[in-house]
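Here the structure comes first, spelled out in structure tokens, and everything after it is commentary.
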Amino acid sequence: MIVLNNVSKWYGDFNVLRDCTTSIHKGEVVVVCGPSGSGKSTLIKTVNGLEPIQSGQIFVNGTEVTSKRTNLATLRSRVGMVFQHFELFPHLNIIHNLILAQEKVLKRNHEEAREKALALLSRVGLDQHTEKYPSQLSGGQQQRVAIARALCMDPVAMLFDEPTSALDPEMINEVLDVMVELAYEGMTMMVVTHEMGFARKVAHRVLFMEEGLILEDTPKEQFFDSPQTQRAKDFLASII
Ligand code: ATP
Ligand code: MG
């Protein structure tokens, strides 16, 4: 589903991703962790072409992201991305936030888009808030809207970059619960997070990054029970 072959990227002289290779199968949930600045956000953004790379190849669902012939707008519409900050359109109410891209990108008619939006808002527990504006919702609610908005596009995979790290503690679980449900439904997911409870519960594999390298790419059990590198051991000790 998602394949990275020897992906390298530089910002000027700075080698931010170094020869990163991994593949994520359909239905697999992969958690990406590692110290600040190790390249996690950069890595995940390369997957939908938000960050160009200088060498290597990336494929999503058989489409080469890194090929000049690939239409990135089409690709991005099928790979949902949820960031730390909710990035909803502040001037649109919740239902319109969910309808806009369905109409513009997928060319769905208004009724169809609205139905889809309502179904997904209900699924994330927000059917009471469809007419509100983002600023009238809590952080956790806004993040659930962001997830529902991505799901409206019928994504083949979902990318998450620290979706709960800007939330107050009492709101973290309501967002993680939605993600856990998605994982159990078989969504292919790549999730940058330090929520190790989430990783233990639903991840199939954990990627541990440091200084642009994928230092470990191991089944979850192995990562938690016997990390291979001292760096991963130190990291786990520091966050748990
Ligand atoms: P964090 O846990 O803090 O989010 P991260 O693992 O997501 O960190 P990245 O945001 O991918 O790390 O950044 C990796 C490195 O690349 C950092 O050293 C960062 O300073 C550098 N970097 C990121 N974006 C740019 C940019 N546009 N230009 C130059 N350097 C950048
Ligand atoms: Mg980051």
Side-chain angles (χ1 to χ4, degrees), residues 2-24 29-58 60 65-66 72 75-76 79-88 139-140 142-143 146-147 150 157-169 171-172 175-176 179 188-200 202-203 205-218 220 223-224 227-240:
I2 298 173
V3 178
L4 285 81
N5 286 332
N6 305 105
V7 169
S8 291
K9 176 179 176 72
W10 285 261
Y11 286 120
D13 297 342
F14 178 61
N15 195 184
V16 57
L17 296 178
R18 297 194 278 162
D19 220 12
C20 294
T21 294
T22 191
S23 54
I24 299 173
V29 177
V30 172
V31 161
V32 182
C33 62
S36 181
S38 56
K40 306 178 298 292
S41 295
T42 307
L43 184 81
I44 204 167
K45 283 193 256 175
T46 65
V47 172
N48 65 358
L50 281 176
E51 288 283 359
I53 59 172
Q54 279 85 18
S55 73
Q57 289 173 307
I58 300 170
V60 175
V65 179
T66 36
L72 283 180
L75 174 91
R76 281 185 199 133
V79 182
M81 175 124 199
V82 175
F83 298 92
Q84 182 173 1
H85 296 286
F86 329 119
E87 315 207 352
L88 300 172
Q142 289 186 53
Q143 198 61 307
I147 295 172
M158 288 282 290
L159 310 175
F160 293 87
D161 190 1
E162 303 206 37
T164 59
S165 58
L167 298 176
D168 291 338
M171 292 172 192
I172 291 176
V175 172
L176 289 178
M179 294 169 62
T188 307
M189 294 163 65
M190 197 167 173
V191 185
V192 178
T193 186
H194 291 162
E195 291 292 337
M196 291 298 131
F198 173 83
R200 280 181 188 275
V202 298
R205 274 189 296 132
V206 177
L207 301 190
F208 176 74
M209 291 189 71
E210 191 181 57
E211 295 180 356
L213 289 167
I214 298 178
L215 223 51
E216 301 212 15
D217 181 351
T218 44
K220 163 185 66 182
F223 182 75
F224 287 115
Q228 293 165 329
T229 59
Q230 188 58 42
R231 283 300 297 130
K233 277 180 204 161
D234 295 345
F235 175 78
L236 277 171
S238 75
I239 62 166
I240 288 177

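Both counts, for ligands and for their atoms, begin at 1 and track the order of listing.
The atoms of ligand 1 that sit less than 4.0 Å from any heavy atom of Val16 are 14 (C), 15 (C), 16 (O). Those atoms of ligand 1 with a heavy atom of Ser41 less than 4.0 angstrom away are 4 (O), 5 (P), 7 (O), 10 (O), 11 (O). For ligand 1, the atoms sitting less than 4.0 Å from at least one non-hydrogen atom of Thr42 are 9 (P), 11 (O), 13 (O), numbered in the order shown with element in parentheses. Within the listing of ligand 1, atoms 15 (C), 16 (O), 18 (O), 21 (C) sit less than 4.0 angstrom from a heavy atom of Phe14.
Formation of a donor-acceptor pair under 3.5 Å by the Asn15 side chain with backbone atoms of Leu17 is found in this model. Checking side-chain atoms of Gln143 against main-chain N and O of Thr164 turns up no donor-acceptor pair under 3.5 Å. The backbone N or O of Gly34 lies less than 3.5 Å from a partner atom in the side chain of His194, making a donor-acceptor pair. In terms of modelled atom types and a separation under 3.5 Å, the side chain of Arg18 and the main chain of Leu213 share no donor-acceptor contact. The backbone N or O of Met209 sits nowhere less than 3.5 Å from a side-chain atom of Lys40 that would complete a donor-acceptor pair. Looking only at distances, a side-chain donor or acceptor of Glu216 sits under 3.5 Å from a matching main-chain atom of Gln228. Under the 3.5 Å distance criterion, the side-chain polar atoms of Ser8 are left unmatched by any main-chain donor or acceptor of Ser55.
Among protein heavy atoms, atom 30 (N) of ligand 1 sits closest to Tyr11 CD1, 3.2 Å. Protein heavy atom at the shortest distance from atom 2 (O) of ligand 1 is Lys40 NZ, 2.7 Å. What sits closest to atom 3 (O) of ligand 1 on the protein, heavy atoms only, is Ser36 OG, 2.6 Å. Scanning the protein for heavy atoms near atom 14 (C) of ligand 1, the closest one is Gly37 O, 3.4 Å.
Of all heavy-atom pairs between Val202 and Lys220, the closest is N-NZ, 4.4 Å. Scanning both residues, Cys33 and Val206, for their nearest heavy atoms gives SG-CG1, 3.8 Å.
At least one heavy atom of Glu162 sits less than 4.0 Å from an atom of ligand 1. For Ser38, the closest heavy-atom approach to ligand 1 falls below 4.0 Å.
By the 30° and 60° cut-offs, the orientation of the rings of Phe208 relative to Phe235 is tilted.
Taking any N or O of Gly39, backbone or side chain, at least one lies under 3.5 Å from an N or O belonging to ligand 1. Looking at ligand 1, you won't find any N or O of His194 less than 3.5 Å from one of its N or O atoms.
The presence of a protein heavy atom under 4.0 Å from atom 5 (P) of ligand 1 is confirmed. Within a 4.0 Å radius of atom 19 (C) of ligand 1, the protein contributes no non-hydrogen atoms.
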Q: Dump the intermediate steps for side-chain contact (heavy atoms from CB on, under 4.5 Å) on Glu51 and Val16, then the final yes or no.
A: CA-CA 11 Å; Glu51 288 283 359; Val16 57; over 6 Å; no
(Q) Pair Met179, Val29 - check side-chain contact (heavy atoms from CB on, under 4.5 Å), show working. (A) CA-CA 10 Å; Met179 294 169 62; Val29 177; over 6 Å; no
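Distances under 2.8 Å from the Mg ion (ligand 2) pick out the protein N/O/S atoms Ser41 OG.
Just one residue in the list Thr218, Leu207, Val31 forms a side chain to side chain contact (heavy atoms under 4.5 Å, CB included) with Phe223, and that residue is Thr218.
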